[in-house]
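What follows is a short report on a single structure.
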Amino acid sequence: MPKVFTYFAWIWLSLVIFTAITAPILCNDKPWIVKYEDKILFPAFSIDDAQKIITNENSSTAWKKQTFEFAIWPLCTYFPGTTDWENIAVSPFDKQNFKTNNNRNTNMPFKFRHWLGTNHKGEDVLAAIIYGCRNSLSIGVFSMILAGFIGVFLGIIAGFYQNQGMLISNAALAGLILGIFPALFYGFIRPSILITEDLAYGLNNLPISLIAGLSLFVSILGLFILIVNRIGKYIPCLNKKVAIPLDAIINRLTEWMNTIPKLFLILILAGIFNKTATGLILILGLIQWTGIARIVRAETLSLRQSNWIESAISLGISEFRIIVRHLFPHIIPSFMVVFILGIASSIMAESALSFLGAGVPDDWISWGTLAADGKSHIEYWWLLAMPGIFLFFTLLSLSYLSDYYRHK
Amino acid sequence: MRYILKRIVFFFTSLFLIVLAGFLLIQSSASHQEELLNYSEIEQYQQTNLSQLELEKKHWREKFGLNLPIFYIRITHLADIDTLQRIPSLIDRKLIQQLLIRNGNTIAVMQYYHALKEWIYFHTLFLQNLNDSVFSEILKNTHAFSISLLNSWDCTLIEAQLKNIQHNINSYYTNKGLKEIFSQLQSAFKTMKSNAQPWKTWIPSIRLYTNNRFHRWLFGDGKMCKGIVRGDFGYSWYNQRAVLPYLLPKLGWSVLLTFISVCLAYLAAIPLGLLAAQKHNSFIDKFLQTVLMIIFSIPSFLAAILLLRTFSNPDVFNWFPTSGVAPTGGFDSDHGLIYRMLNTIPYIVLPVVAYSYSAVVFLTKLTREQLLQEEKKAYAITAFAKGLPKKMVFQRHLLRNSLLPLITVFSQVFPAAVAGSVVIESIFAIPGMGLETLQAVYQLNYPILAAILVISGIFTITGYFMADVLYVWADPRIRFENKNQKNA
């Protein structure tokens, strides 16, 4: 694997990330800086400045028809979804039409060109790609951050404690089993009965009540464990310690997750529940942690044998500190490899879903929906080619980087 | 043997989980349908014959098994009743639930509920049989108060509503029977209020049910449905056909395509991986790696469209048909099986390529890495030291051992291919499971979705299980390890 290509991959990825972050600035129908009536104004950044020049925009080309002494325009001077009636389905290399103030048709000025053409509805393709990049990338990154948290946590616990490492007394186990029903009851079931609003219309304070329920659940469980543990001190058979087979439990969990056909599950879940970007991130994140957990567990397992961990344990350093300060930094490289590959597969899944038009919000713009447009209007080649190229190069960079650092 | 036994346990637990997931899906569908039925229930209260509506709902709920509790086990408070689901109306169920968790006295709450229902029933009858237009305005007013009692579970609110009704009755009503029924309602409310036992709602209780919706879905009830163990997944909402006979031919196409493409992927990947490993770090290896990386990065829908536009386009190559799996109008009945099979091949070439290209890349990479790992082991070095040619060492000694992990990978490749079929089947218009899933998602056809989830889950788990068994069969080390553990 030649190293030169990694530079290209990094350059492409940083370009894509930069585009995603600065999408509303890169792609705006107002100029960045103008000199208007001897004043320097920034209409793209400030609404007040924009109001000073044009008070009511009644056409999408109002800003382009306005004359300025001096103006710096953004890269792409259109918003996604606004129709340019003069240029319906023009290719990137076609002659593009522009209507001036006195309704004369002229050649499109260079700064207002549709760089990547327009689609069958006269919408700019580059603008859609820039905003689509924002959506696709944020789905990929945020879902993998969620998956990363779950995967690293479960992987480290499974690898560090294995099947014998986590010792708890019989009493605590009994407390856990005894306490689980009351904790469920007071934490979740009783509050859920008391909620009388209709869930279909959305619950405003759902996160708050969920967090409150969870904290109540944990505290009741903890209370039970503490009490039974205290009583167990006087009963010898309850005082004996048993190992929790954490490794086996987490392995089974990973296997179960793997047996579920993922795209089917995403499709079905997204079909039933409200189609939102957050929902998609949650679903993808909750499904994709298995790969990370597997790698992190294997890495932790081999690191556990190493000398510095052994010496840290014998020095009496707390387990939490060992995991965070001594183990975790060594896991980061191999974690990053899986993480980058996971972003690629998340983006791929998102684009497949939005290509099918299932599981994403109705007004969603992403590279997948653009490609679906291109498929239904195959006679305009650029509609499929442009988002396809962007998607292809992003996925290629991600998988190349992941492959390169894996072998390094 | 212990290993196999462990895998069997795993097989059944995951089967149970998948079936549970399908059941939850069906449950959400039931509530969805019930919402449609309950739509503007209050308006219906005022217009149609009340008991007729209740009977209709009751019949419907019994048909779908909704009169049963949901699962084998339920955690609830002490005052809750077990037969809540038998009450047909959603508003009534909500009222009882809310009253119970606020009041705690089960008997008093149920008495109040029945008194309220009786009052509303007779009052509606009285309203419908009256012809006096002036008096009917007052009656309608009273009726509105009574209906709003169904939505009020707060004691002060109920008291206020009752006072309003009482005022109307005292000033305008003359019917003695109606007055008596209302006084019963009032006394029921007073008993409920004075005999409240709120402590009961703070005590958790666990209820067990043998006859529940999950049990019914799994094993059937002998009358309405046969249960999924006997292959009854219910009826499609869209065309009212039984789900399983409808899905089986589609399943056949998906499995056929997936199977062919996975087999082809293995056939293509192993020689490629062998080649790359033998010529490690040479130009061919690097070239192959780069090409595979590029192919792997093409999203499946893009690849499918590109294939379609290249090889099924009158302007470029018009080699293969565009979509479907058979000529439009189907085959003639006098054509034999072999003729049909031969004529189906052009239809499945492009889908198979689109299915298998990512699997080829994945398997090639894996084969290459496995071979390179095996090359460092002692027995390979011995073989090289004997002076055997490189080709022979790779093909005779290393390949066999490197293929072992490929067996476990089969269990990952197969489900991935089944899932990937959604995109490819929709592009090539293959009447398989993927296309059906998509349609069912668009139509919110829950019984089909549940069936697809369960069937594909069963396939995936079976794939895992088969891979495990094959692995034990192929790798004697696992068997011996277990025996050694037993002896020790």
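Naming convention: chains lettered A, B, ... in sequence-line order (proteins, then strands); numbering from 1 in each chain. Predicted model, so just to flag it, every value in this text is computed and none were measured.
In this structure, the portion of I378(A) lying under 4.5 Å from any heavy atom of chain B is its side chain and not its backbone. Interface residue I305(B): only side-chain heavy atoms are found under 4.5 Å from chain A. Heavy atoms closer than 4.5 Å to chain A are found in the side chain of L438(B), but not in its backbone. Only the side chain of T437(B) comes within contact range of chain A, with heavy atoms under 4.5 Å apart. With a 4.5 angstrom heavy-atom cutoff, L17(B) touches chain A only via side-chain atoms. F5(A) does not touch chain B: none of its heavy atoms, backbone or side chain, sits under 4.5 Å away. Residue I189(A) touches chain B through its side chain alone, counting heavy-atom pairs closer than 4.5 Å. Residue L306(B): no heavy atom, backbone or side chain, is found under 4.5 Å from chain A.
The residue among E369(B), Q97(B), M433(B) with the most heavy atom pairs within less than 4.5 Å of chain A is E369(B). Ranking I203(B), I461(B), N281(B) against chain A, the residue ahead of the rest is I203(B), based on heavy-atom pairs under 4.5 Å. Interface check for chain A: of the options L308(B), L453(B), D80(B), I294(B), the most heavy-atom pairs under 4.5 Å are formed by I294(B). Options F393(A), F392(A), F185(A) differ in how many heavy-atom pairs under 4.5 Å they form with chain B, and the most are formed by F185(A). By number of non-hydrogen pairs under 4.5 angstrom with chain A, the leading residue of I101(B), I18(B), L302(B) is I101(B).
Looking at L384(A) and R309(B), their side chains never come closer than 4.5 Å, going by heavy atoms from C-beta outward. The closest side-chain heavy-atom distance from P204(B) to Y186(A) is below 4.5 Å.
Between atom CZ of residue F16(B) and atom CH2 of residue W256(A) there is a gap of 10.5 Å, rounded to the nearest 0.5 Å. The distance from the CD1 atom of I75(B) to the CZ atom of F181(A) is 5.0 Å, given to the nearest 0.5 Å.
Between the side chains of R190(A) and T201(B), at least one donor-acceptor pair of N or O atoms lies under 3.5 Å.
Minimum interatomic distance between I193(A) and Q98(B) (heavy atoms only, all atoms of both residues): O-NE2, 2.9 Å. In terms of heavy atoms, S426(B) sits closest to L356(A) at OG-CD2, 3.3 Å. Closest approach of S297(B) to L395(A), counting heavy atoms only: O-CD1, 3.5 Å.
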Steps toward side-chain contact (heavy atoms from CB on, under 4.5 Å) verdict (R252(A), T13(B)):
CA-CA 10 Å; R252(A) 286 297 93 75; T13(B) 44; over 6 Å; no
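Heavy-atom contacts from other residues, nucleotides or ligands closer than 6.0 Å to CH2 of W381(A) number more than 12. Counting non-hydrogen atoms of neighbouring residues, nucleotides and ligands closer than 6.0 angstrom, the CZ atom of F287(B) reaches no more than 12 such neighbours.
F301(B) and F355(A) have parallel rings, their planes meeting at less than 30° on a 0 to 90° scale where 60° marks the start of perpendicular.
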